[in-house]
Amino acid sequence: MRRFPASNEPALPATGPRNDWQTIVSLLPYLTAYKWRVAFALTCLIGAKVANLGVPIVMKHIVDGLASVRHLTALGRAEHAPGIVLAGGIGLLVVAYAVVRLSTSLFTELREILFSKVTESAVRQLALKVFRHLHALSLRFHLERQTGGMSRDIERGTRGITQLISYSLYSILPTLVEVGLVLGFFVVKYEAYYAIVTLIALVAYIAFTVKVTEWRTHYRRTMNELDSRANARAIDSLINYETVKYFGNEEWETKRYDENLHRYRQAAIKSQHSLSALNFGQQAIIGTGLVFILWRATLGVMAGRLTLGDLVLINTFMLQLYIPLNFLGVVYRELKQSLTDMDRMFTLLTVEREVADVPGAQPLAVRGGEVRFAHVNFAYEPSRQILHDLSFTIAAGTTTAVVGHSGSGKSTLARLLFRFYDLDRASGGAITIDGQDIRDVTQDSLRASIGIVPQDTVLFNDSIYYNIAYGRPTASREEVIAAARAAHIHAFIESLPKGYDTPVGERGLKLSGGEKQRVAIARTLLKNPPILLFDEATSALDSRSERAIQHELDQIARERTTLVIAHRLSTVVHAQQIIVMDHGRIVERGTHAQLLHAGGHYAQMWALQQQKAGEAPQSQQGQVQGQAELPAAAGK
């Protein structure tokens, strides 16, 4: 199985396509859950084929009876013909013929009614399993995969299940049952010659079909890969529509998309050429077998060993076999395609979870909410370590801010706290909440206890109400509106024509950056967790809105353990502890006043930001020092 490594492990190569039987075996558990329904469906299948076998037999007796009537007429004894018809029961045979044909249709429809629930249930259960598994995989997996291609794999895989079951139950298995019945009838009723020739033709047909189809399978795999790649590029380009427009690269994106379409076209043409060769070879085998059978039957009729009805019976049997057998070539090709499509989806299920709950993991029990990073070492790739022996504690109910230049490892702290990645137990250190190692508790309980307002807010393509309520889907409408009021976005929402039902567009692109961030704040307020994480929570806001939102954030942070990751130092001056990071290491820590007094990295960053704001750093320094001491004295 493919395994995505922990931070200290090299990536393992992806495994190749699995054997077709492995794919089929993977599907069986989803079908055996309805074993009685499957058994009844198979019984109906056999019943349909037995009835279908009776159709040409009844027709033989009708033809023989009519031949006798025609013979009497030719001899001038037509007055005996009505008696022959009555004695032979030709009228009843005609009724029987209609009944048998109707029975075939009845059993076939019953089979489909019985098995439809099995098919749809299997598709639903497997699609849910894949969807749940993808959400359980680590952030590393999703960063390495393209969503467009992966969604196409799932779409084709679920469709492949339906096709596999449909072709197997409705085409392959019925044909095999019918072949067995016809061969047995030939041996018992006529002579082994018919069964032998039919069997040889069938074996030759199947062997040829399998061999040629195996040869052409790689064309189909290539087409699937190119189709997924083209779809992934198209979706990625459309998601980044604004970026494409900013740089005027519409033609460049079209060219990149067309490169895959061109390669797909070449593979599709080769696939069609090989398909034509396959179809011609199949028809040659069928035609040869049919000539040998009918020639023998014609000789039998001329010699008086067979009746005209026997010739009709044998010809009808051959047509009943070869018509679905001709379609069996198409079925086999589609079956191989379905197995190929399913293989890609099942391969997703074989990807192991890099971050998984340990056996017997217990829910996180938050008492005060103390968060401790103890000797944390972490690297996304072995060749580039991000955090180096990082240790600090966020006391319960207090606010700790982490500042530093871009690339210093600040956002990695948030990902580790949420367990998007796990620390190596041997050398990675530990992160604890109230003394509980977060690797030993359930991920659901951990993430339920932490709320985050991220720097880059991504919204669902749904209404504003849905995106706010996502913080706690069970919340009442009044609670959702209260959270919006607290985030200072209620008035804006009410001013919209559709109010809270206003759609936000793909990734929330219909809203401005500040509006999206207010929605994110409201969502976190609604969640109401004991531990908060603000990752540049006000970075997209103007100065006036930032002051209003910052006041609200300070209010909700009271009595909660809060980690603030910030670039603008003006937003963290009230924090009880400020940690300065540089290249994955802590270089300074203390309060705002203490760090300014120390004159180190923090003081330099503060002076630089004040200069950019057009303010005098020295005069502002004294002012903010006094501001920073007031909340500390108040016991914030």
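Using modelled atom types, one side-chain atom of Q385 and one backbone atom of L387 make a donor-acceptor pair closer than 3.5 Å. Side-chain atoms of R229 do not come within 3.5 Å of backbone N or O of N260 as any donor-acceptor pair. In terms of modelled atom types and a separation under 3.5 Å, the side chain of N467 and the main chain of L459 share no donor-acceptor contact. A side-chain donor-acceptor contact under 3.5 Å links D357 to the backbone of Q443. Formation of a donor-acceptor pair under 3.5 Å by the R447 side chain with backbone atoms of F418 is found in this model. Side chain of T502 to main chain of I464: no donor-acceptor pair is present (N/O by atom type, distance under 3.5 Å, no hydrogens or angles). No side-chain donor-acceptor contact under 3.5 Å links N231 to the backbone of D227. Q362 contributes a side-chain N or O that, together with a main-chain N or O of G360, makes up a donor-acceptor pair within less than 3.5 Å. With hydrogens and angles ignored, the 3.5 Å screen pairs no side-chain donor or acceptor of E479 with any backbone N or O of L526.
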- Applying side chain to side chain contact (heavy atoms under 4.5 Å, CB included), run through M581 and V402 and close with a yes or a no. CA-CA 7 Å; M581 291 183 61; V402 178; 3.5 Å; yes

- Walk me through it: do L563 and V371 pass the test side chain to side chain contact (heavy atoms under 4.5 Å, CB included)? CA-CA 9 Å; L563 174 63; V371 178; over 6 Å; no

- Give the intermediate values and the outcome of side chain to side chain contact (heavy atoms under 4.5 Å, CB included) for residues V519 and L511. CA-CA 10 Å; V519 171; L511 301 181; 4.2 Å; yes

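Between Y380 and Y421, the distance from one ring center to the other falls under 6.0 angstrom. Ring pair Y602/H592: centre-to-centre distance below 6.0 Å.
Among all heavy-atom pairs drawn from T571 and A566, the shortest one is OG1-CB, 3.8 Å.
Relative ring orientation between Y500 and H490 is described as tilted, the plane-to-plane angle lying within the 30° to 60° band.
Distance check, rounded to the nearest 0.5 Å: CZ of F373 to CG of D389 gives 13.5 Å.
Shown here is H567, whose NE2 atom has no more than 12 heavy atoms of other residues, nucleotides or ligands within 6.0 Å. Counting non-hydrogen atoms of other residues, nucleotides and ligands closer than 6.0 Å to CZ of R384 gives a total of 12 or fewer. Atom OH of Y470 is surrounded by 12 or fewer heavy atoms from other residues, nucleotides or ligands within 6.0 Å.
A salt bridge does not link R419 with D444: every distance from a Lys NZ or Arg NE/NH1/NH2 to an Asp or Glu carboxylate oxygen is 4.0 Å or more. A salt bridge is absent between R233 and E253; no separation between the charged side-chain nitrogens and carboxylate oxygens falls under 4.0 Å. Taking a cutoff of 4.0 Å between a charged side-chain nitrogen and a carboxylate oxygen, K245 and E250 qualify as a salt bridge. The pair R439-D424 does not meet the salt-bridge criterion, since no charged nitrogen lies less than 4.0 angstrom from a carboxylate oxygen.
A donor-acceptor pair shorter than 3.5 Å cannot be found between the side chains of R372 and T432.
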